[in-house]
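Report on the structure given below.
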Number of protein chains: 2
Amino acid sequence: MTEREETVRLRSLTRPAPEDACELVVEGIDAGALVTAVGRCSVDYEGRAESTLGPGERHVMLKPDGAALVHTDEGQQPVNWQPPDCDHEVSVVDGQLLVESHRETPAEHLAITFESVLQASAFGLTDERDLSLAGTEEDLRERVLDDPDLVETGFSPLATERSTPAGAVDVYGEDREGRAVVVELKRRRVGPDAVGQLSRYVDALARDLHAEREVRGVLVAPSVTDRARRLLAERGLEFVSLKPPRKDDIDADG
Amino acid sequence: MTEREETVRLRSLTRPAPEDACELVVEGIDAGALVTAVGRCSVDYEGRAESTLGPGERHVMLKPDGAALVHTDEGQQPVNWQPPDCDHEVSVVDGQLLVESHRETPAEHLAITFESVLQASAFGLTDERDLSLAGTEEDLRERVLDDPDLVETGFSPLATERSTPAGAVDVYGEDREGRAVVVELKRRRVGPDAVGQLSRYVDALARDLHAEREVRGVLVAPSVTDRARRLLAERGLEFVSLKPPRKDDIDADG
DNA sequence: AAGTCGATATCGCCA
DNA sequence: TGGCGATGTCGACTT
């Protein structure tokens, strides 16, 4: 006989006593719910670095995959967090709700101590999570492979992610003269770091190929900064202005 | 005459009608509250890239600084978001709660359409926000400046953030022989990118200084990957193993 | 488990 | 405001 148990969609408590908040959070985590607790708390972290955060009112989210987020009223990023696959422990210590999250490799521990809880909620969520994203570097690569002349008339792509001792080259190919060409793609305006990356690949490939073989390096991006342009020139590297396609462009290609 | 208005600490609705959810969210935003809405929704984004996300149950957070976050039940990162300083608009369209967030420079628009709302809350939060963090690259720099012999016996730091045509050098100094030394600091194990960064600085400084002047490059980090070690060797660069101090070490220094 | 690199990276600092 | 680099970056993919 099977007990038909309806998934608990929502449990919520307003200004709960620490023991009641603890029970809701524990049962929510056990049930695979996304749990939130809002209230005045302090946060201590120790792991890859160390941090302490004095008392203040914050929004705490515990996800069923083991992630934890502490958000203040400002900023896109959480002020403290734990990544997915952490173990959450919830308890009441000295009359205060204590939420701890821990993982190994690397060893990291987060402790959130609540002076008071304004609201605690447990949400049973289901999500297909089918995000469709366009305008990435991969889209730019497909654009280049579809029409290599956008890089340069007569350019012939031979491989993507071609490995070198310095890392994998985005697009490797030959120009109309048969010279080796390393293409580094960036979806947005680039600075000196991208030039360094391209330069590394060109150097590594020049060592790998026979010495007499010339290797050209081409940075493909919407634009470059002044400093990046100078570095490109110093190293004999080239730049081609190209943006990742918009969704409409991709559709039109079909 | 001043009306003494107590800050609304918490307003919350369970399974509200779209109109009621809309009112709560609008008034919450106007009051400078952190607003959350949990429910089944679809999300469309257009800006630096483009994305669509089909229906699913998610947690939406609107911060008083203009940030917006859409969290699924998985992952540390939001599936969609807007950065701070965006303008939020809330309305009911075709009987559905619609939350929009927009900014210019760059032009970005986020639209969240709710099929249903499980819970909507507005939290009036106050936070001193005094995060203390240790174990950063800055801590590592202070450790090196306090005891330059940790880099090498006789090393003399002359400047931090010394500018070069390729960017600013973390620590610039001289070795016991009077040779110029570029030190690049990293708080954690490094890969090829850090070698490229150091290499750029050394090249740029060698150009800037008189040609006969030798410029050494030293990467200071806890450890390096194999590939990074090979790249260092190829370019005649050096590595010194050093970690950022823990909080206890910093205290002991005082 | 570790290496490598992209990201709507975000964030802070400085010119 | 844009450039530049750090981040407890995260996340995906490969080895």
Side-chain angles (χ1 to χ4, degrees), chain A residues 45-51 67 69 74-84 103-110 131 133-141 161 163-164 166-170 184-194 196-197 200-201 223-228 244, chain B residues 45-51 67-70 74-84 86 103-110 131 133-141 161 163-164 166-170 184-194 196-197 200-201 223-229 244:
Chain A
Y45 160 76
E46 187 161 345
R48 285 169 289 174
E50 297 164 295
S51 74
L69 303 169
E74 288 186 2
Q76 178 177 333
Q77 298 303 128
V79 63
N80 278 114
W81 69 91
Q82 285 286 71
R103 72 160 171 171
E104 306 286 342
T105 59
E108 292 189 296
H109 183 84
L110 184 71
L131 182 74
L133 181 66
T136 64
E137 180 179 306
E138 187 180 341
D139 294 319
L140 178 57
R141 181 175 66 208
E161 300 299 318
S163 73
T164 77
V169 169
D170 281 341
E184 174 63 28
L185 304 168
K186 292 296 171 189
R187 66 172 301 281
R188 62 173 192 173
R189 181 174 174 87
V190 297
D193 54 339
Q197 202 179 343
R200 277 195 286 127
Y201 298 152
S223 59
V224 294
T225 64
D226 281 355
R227 189 125 70 182
Chain B
Y45 160 75
E46 186 160 345
R48 286 169 289 175
E50 295 164 296
S51 75
L69 302 169
V70 183
E74 287 186 4
Q76 178 177 335
Q77 298 302 127
V79 63
N80 278 114
W81 69 90
Q82 285 285 69
C86 290
R103 71 161 172 171
E104 305 287 341
T105 59
E108 292 190 295
H109 183 86
L110 184 72
L131 181 74
L133 180 66
T136 64
E137 179 178 307
E138 186 179 342
D139 294 320
L140 178 57
R141 182 176 65 208
E161 300 300 319
S163 73
T164 77
V169 168
D170 281 342
E184 176 62 30
L185 303 169
K186 292 295 172 190
R187 67 171 300 280
R188 63 174 192 173
R189 183 174 174 85
V190 296
D193 54 339
Q197 204 180 339
R200 277 195 286 125
Y201 298 153
S223 58
V224 294
T225 65
D226 281 354
R227 189 124 73 179
R229 191 180 291 278

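Every chain is numbered from 1, with letters handed out A, B, ... down the list of sequences.
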For a quick check, with a 4.0 angstrom heavy-atom cut-off, what is the B/S/- contact string for nucleotides 5-15 of chain C, read 5' to 3'? SSSBSSS----
Specify the closest pair of heavy atoms between Leu140(B) and Pro244(B), including all atoms of both residues, with the distance to one decimal.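 Looks like CD1-N, 3.9 Å.
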Heavy-atom pair with the smallest gap, counting every atom of Glu161(A) and Ala168(A):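 For Glu161(A) versus Ala168(A), the nearest heavy atoms are OE1-CB, 3.5 Å.
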When you measure from the side-chain N and O atoms of Arg189(A) to the phosphate of dG2(D), is any distance below 4.0 Å, counting only OP1 and OP2?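 Indeed not, no polar side-chain atom of Arg189(A) lies that close.
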Give a yes or no on whether a salt bridge exists between Glu184(A) and Arg200(A), defined as a side-chain N under 4.0 angstrom from a carboxylate O.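 Salt bridge: no.
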Could you give me the CA-CA distance, side-chain angles and deciding distance for Asp193(A) and Asp193(B), then say whether side-chain contact (heavy atoms from CB on, under 4.5 Å) is met? CA-CA 8 Å; Asp193(A) 54 339; Asp193(B) 54 339; over 6 Å; no
Nearest-Å distance for atom pair [atom1]/[atom2], residues [X] and [N]:
{"X": "Arg229(B)", "N": "dT4(C)", "atom1": "CZ", "atom2": "P", "result": "12 Å"}
{"X": "Glu74(B)", "N": "dC10(D)", "atom1": "CD", "atom2": "C1'", "result": "15 Å"}
{"X": "Asp226(B)", "N": "dA1(C)", "atom1": "CG", "atom2": "P", "result": "19 Å"}

Donor-acceptor pair between Arg187(B) and Thr136(B) side chains, under 3.5 angstrom: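 Checked: Arg187(B)/Thr136(B) side chains show no N/O donor-acceptor pair below 3.5 Å.
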Say we look at [N] and [M]: how far apart would their [atom1] atoms be, to the nearest angstrom?
{"N": "dC5(C)", "M": "dT7(D)", "atom1": "C1'", "result": "15 Å"}
{"N": "dG8(D)", "M": "dC14(C)", "atom1": "C1'", "result": "25 Å"}
{"N": "dT8(C)", "M": "dT14(D)", "atom1": "C1'", "result": "25 Å"}

For Tyr45(A), run the side chain to side chain donor-acceptor pair (under 3.5 Å) check against Gln82(A), His109(A), Glu108(A) and tell me which one passes.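 It is Glu108(A), the one option of Gln82(A), His109(A), Glu108(A) that forms the side chain to side chain donor-acceptor pair (under 3.5 Å) with Tyr45(A).
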